[in-house]
Amino acid sequence: MSHTINHLKKLRLQRSELAVPGSSPEMIEKAANSAADFVFLDIEDAVAPPDKERARKNIIQALNDIDWRAKGKTVSVRINGLDTHYMYRDVVDVMEQAGDRLDTILVPKVGVPADLYMVEAMVNQIEMAKGYKTRVGLEALIETALGMANVEAIAATPGRLEAMHFGVADYAASNKARTVNIGGLNPDYPGDQWHFALSRMTVACRAYGLRAIDGPFGDFSDPEGYTAAARRAAALGIEGKWAIHPSQIALANNVFSPPEKEVVRARRILEVLKEAEALGKGAAALDGKMIDAASERMARNVLVVNEAIERASQAHAATH
């Protein structure tokens, strides 16, 4: 290992992330009682300009009225972009009126590290002024050619950044890519046209201790397509995916949860390696296959996720 090691900044269960427009209080209420691990309340693309102010007020009320943490939910707000006149008021109003009830802020269309610096400076000042004891994290939405070109530098941003998301729709538009469905595959491309972007973002996340999250799949009438996209993302090391419709929550939770046999094997790997260590051995065999320190790290990754899932399930059961 390099002497430079960036450990995971913040562990959060994020298998499924439900996107909810702030303009709909009814949908916000349903989201709070859903099986989603993570909910982001949107003031950006899902809200029309005339509804931005009302959506912001709805979100503030929902943050204060709903006990998201008791329901086992991580709650985030997607603010408007830095190139709009809505963004500063999103940060100021949400943070000043409900900042101690919020887990993260999702910053859209991050192009350069300075975009996060601006939001972080505002959040820092508001938290100090209000005397909040909680600390709001930042998440970066990588959805432009500029953002992908700078993804490693963005990932290295010090401070509150704890995750990056791949926004496939705007990314496709930014690159003038030909698409048939948000997050779907163009049959003219020999394979997965999003593989490079997802892989590059994931590597940047892992290098700097961030969570890597895949974005939307637009056709919610195609569960097979959604599941296939989620499996491709999971194979790269991504740990969760957006749900733009409640029907996609269970699909994401299933794909990004380690199967029971994988959990059992992970526990067995740790047991066998501990036995080997007692005998002065650095490697061992399990079911006819060699296991070593790398196997231990992979096993621990599985068990950490499984433990987080169990805690979230208990919290969800306690409120239903």
Side-chain angles (χ1 to χ4, degrees), residues 6-18 34-39 71-74 103 139 162-166 183 192 194-195 198-199 201-203 205-207 209-217 223-243 246-276 283-318 320:
N6 296 302
H7 297 288
L8 182 66
K9 289 186 177 180
K10 182 75 174 182
L11 173 65
R12 296 188 194 272
L13 189 61
Q14 206 164 352
R15 297 169 301 171
S16 54
E17 177 148 356
L18 184 60
S34 73
D37 295 330
F38 210 103
V39 173
K71 293 177 179 292
K73 296 280 181 292
T74 300
D103 293 306
E139 299 180 272
E162 57 182 60
M164 292 202 292
H165 301 235
F166 178 55
D192 181 356
W194 314 121
H195 175 271
L198 281 168
S199 183
M201 187 195 78
T202 302
V203 170
C205 284
R206 299 312 178 199
L210 309 176
R211 302 186 306 277
I213 308 299
D214 191 16
F217 186 86
E224 291 81 11
Y226 180 94
T227 299
R231 290 188 180 281
R232 290 192 299 270
L236 293 173
I238 285 175
E239 58 199 84
K241 186 170 176 61
W242 289 15
S247 65
Q248 295 177 335
I249 296 172
L251 302 176
N253 285 347
N254 180 58
V255 171
F256 293 101
S257 296
E260 180 59 28
K261 65 179 181 179
E262 194 173 316
V263 174
V264 171
R265 178 174 171 79
R267 293 189 178 122
R268 186 68 181 132
I269 286 172
L270 298 187
E271 292 171 359
V272 171
L273 286 174
K274 187 174 182 180
E275 293 168 1
L286 177 62
D287 299 330
K289 299 177 182 178
M290 190 199 79
I291 56 174
D292 57 11
S295 306
E296 180 180 2
R297 287 191 287 271
M298 290 187 287
R300 291 194 184 281
N301 287 339
V302 170
L303 295 178
V304 165
V305 172
N306 187 64
E307 289 167 6
I309 291 170
E310 290 178 348
R311 289 194 299 270
S313 297
Q314 291 168 1
H316 184 71
H320 288 81

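Side chains are part of it too, since the values below use all heavy atoms of this structure and drop only hydrogens, waters and symmetry mates. This structure is a prediction, so every number in the text was calculated from the model and none was measured.
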Worksheet item: Are side-chain heavy atoms of Glu260 and Val264 found at a separation under 4.5 Å?
Response: yes
Practice prompt. Could you tell me which non-hydrogen atom of Ala212 sits nearest to which non-hydrogen atom of Ile238, and how far apart they are?
Written response: O-CG2, 3.3 Å
Fill in: Criterion salt bridge (Lys or Arg N to Asp or Glu O under 4.0 Å) on Arg300 and Glu296, from CA distance to verdict
CA-CA 6 Å; Arg300 291 194 184 281; Glu296 180 180 2; 3.0 Å; yes
Worksheet, complete the sentence: Between Glu162 and the options Lys9, Arg211, Lys10, the side-chain hydrogen bond (donor to acceptor under 3.5 Å, both in side chains) test singles out Arg211
Practice prompt. Mind listing the closest non-hydrogen atom pair of Trp242 and His165 along with its distance?
Written response: NE1-ND1, 2.9 Å
Item to complete: Check Phe256 against Ala230 and note the closest heavy-atom contact, atom names and distance.
Response: CZ-O, 3.5 Å
Discussion item. Just to verify, which of Val305, Ile309, Val263 counts as forming a side chain to side chain contact (heavy atoms under 4.5 Å, CB included) with Ser257?
Written reply: Ile309
Fill in: Spacing of Cys205 atom SG and Ile213 atom CD1 [to the nearest 0.5 Å]
8.0 Å
Response to the item:
Distance col, row Asp192:CG vs Ser199:OG, nearest 0.5 angstrom, shows 10.5 Å
Worksheet item: Closest approach of Thr202 and Leu236, non-hydrogen atoms and distance?
Response: CG2-O, 3.6 Å
Worksheet item: Does some side-chain heavy atom of Met298 sit less than 4.5 Å from a side-chain heavy atom of Ile269?
Response: no
Discussion item. Can a donor-acceptor pair be found, under 3.5 Å and without considering hydrogens, that links the side chain of Ser295 to the backbone of Asp292?
Written reply: yes
Discussion item. Salt bridge check, Arg268 against Asp287: does any charged N sit closer than 4.0 Å to a carboxylate O?
Written reply: no
Item to complete: Quick one: pull up CD in Glu139 and CD in Gln14 and give me the separation to the nearest 0.5 Å.
Response: 5.0 Å
Worksheet item: What class does the angle between the rings of Phe166 and Trp194 fall in, given that below 30° is parallel, 30 to 60° is tilted and above 60° is perpendicular?
Response: tilted
Fill in: Closest non-hydrogen atom pair between Ala229 and Phe217, with its separation
CB-CD1, 4.1 Å
Discussion item. I need the Met201 CE to Arg206 CZ distance, nearest 0.5 Å.
Written reply: 9.0 Å
Item to complete: Mind checking the CG-CD1 spacing from Asp37 to Ile249? Nearest 0.5 Å is all I need.
Response: 9.5 Å
Worksheet item: Is a side-chain donor or acceptor of Asn6 paired with a backbone partner of Ala207 at a separation under 3.5 angstrom?
Response: yes
Worksheet item: Between Ser34 and Leu18, which heavy-atom pair has the shortest distance, and what is it?
Response: OG-CD2, 4.0 Å
Worksheet item: How long is the span from the OG atom in Ser16 to the CG atom in Asn253, to the nearest 0.5 Å?
Response: 3.5 Å
Discussion item. Among Arg15, Arg232, Lys241, exactly one meets salt bridge (charged side-chain N to carboxylate O under 4.0 Å, His left out) together with Asp214. Which residue is that?
Written reply: Lys241
Item to complete: Find out whether Thr74 and Leu13 are in side-chain contact, i.e. whether some heavy atom of one side chain is under 4.5 Å from a heavy atom of the other.
Response: no
